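Values below: every heavy atom of this structure, side chains too, minus hydrogens, waters and symmetry copies. Only a predicted model underlies this, so the values are computations on that prediction, with no experimental measurement involved. This chain uses plain numbering: 1 for the first residue, then up along the sequence.
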Amino acid sequence: MPTDAIGTMPPEARDHEHRVALDGGADGLDVHRRIAAGAASWLRPGGAVVIEVSGAQAPVSAGLFRAAGFAAELARDDEVDGTCVVATLLTA
């Protein structure tokens, strides 16, 4: 979530989630960058990370994981209006 958009989130999210889990910096992807950069150290090849993302941010987030050595695909659930990046570690 971009820093400037946190105030627009539903109160049940913005008032009860830790700020570090919500604040993704200017473009909303800082948390994704940190996870993509560090996940290979705690996953073995074939292990996966699933991370929620907006539809608009999904291609950039998937690219972050691909650059870090993951295969990345998008999963969308229209019923809950949710999009995720599913990133699977290719090599350690």
Please determine whether the number of non-hydrogen atoms from other residues, nucleotides or ligands lying under 6.0 Å from atom CG of D4 exceeds 12.
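No, not enclosed.
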Which atom names give the shortest non-hydrogen contact between [X] and [Y], and what distance separates them?
{"X": "T88", "Y": "G46", "answer": "CG2-O, 3.5 Å"}
{"X": "A36", "Y": "A68", "answer": "O-CB, 3.3 Å"}
{"X": "L89", "Y": "F70", "answer": "N-CD2, 3.4 Å"}
{"X": "P2", "Y": "A26", "answer": "CB-O, 3.7 Å"}
{"X": "E52", "Y": "C84", "answer": "CA-SG, 4.1 Å"}
{"X": "A72", "Y": "V85", "answer": "CB-CG1, 4.2 Å"}

Working to the nearest 0.5 angstrom, can you tell me the gap between [X] [atom1] and [Y] [atom2]?
{"X": "H32", "Y": "S61", "atom1": "NE2", "atom2": "OG", "answer": "4.5 Å"}
{"X": "D27", "Y": "M1", "atom1": "CG", "atom2": "CE", "answer": "12.5 Å"}
{"X": "D15", "Y": "L22", "atom1": "CG", "atom2": "CG", "answer": "10.0 Å"}

With sequence neighbours excluded, residues passing side-chain contact (heavy atoms from CB on, under 4.5 Å) with [X]:
{"X": "V80", "result": "D77"}
{"X": "A58", "result": "V53, L74, T83"}
{"X": "A13", "result": "M9"}

Report the C-alpha distance between D81 and R76 in whole Å, list the side-chain angles of each, state the deciding distance to 0.1 Å, and finish with yes or no for side chain to side chain contact (heavy atoms under 4.5 Å, CB included).
CA-CA 8 Å; D81 190 26; R76 172 96 182 123; 2.6 Å; yes
Going through the checks in order, is the salt bridge (Lys or Arg N to Asp or Glu O under 4.0 Å) test met by D23 and R14?
CA-CA 10 Å; D23 192 344; R14 73 169 182 261; over 6 Å; no
Check against side chain to side chain contact (heavy atoms under 4.5 Å, CB included), R34 and V20
CA-CA 11 Å; R34 288 195 305 269; V20 70; 3.7 Å; yes
Steps toward side chain to side chain contact (heavy atoms under 4.5 Å, CB included) verdict (R33, D30)
CA-CA 5 Å; R33 286 185 185 86; D30 286 356; 3.1 Å; yes
Quick one: do I6 and V31 end up in the same hydrophobic cluster if we chain Ile, Leu, Val, Met, Phe, Trp and Tyr together by side-chain heavy atoms under 4.5 Å apart?
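As far as the 4.5 Å side-chain criterion goes, V31 and I6 are not connected within one cluster.
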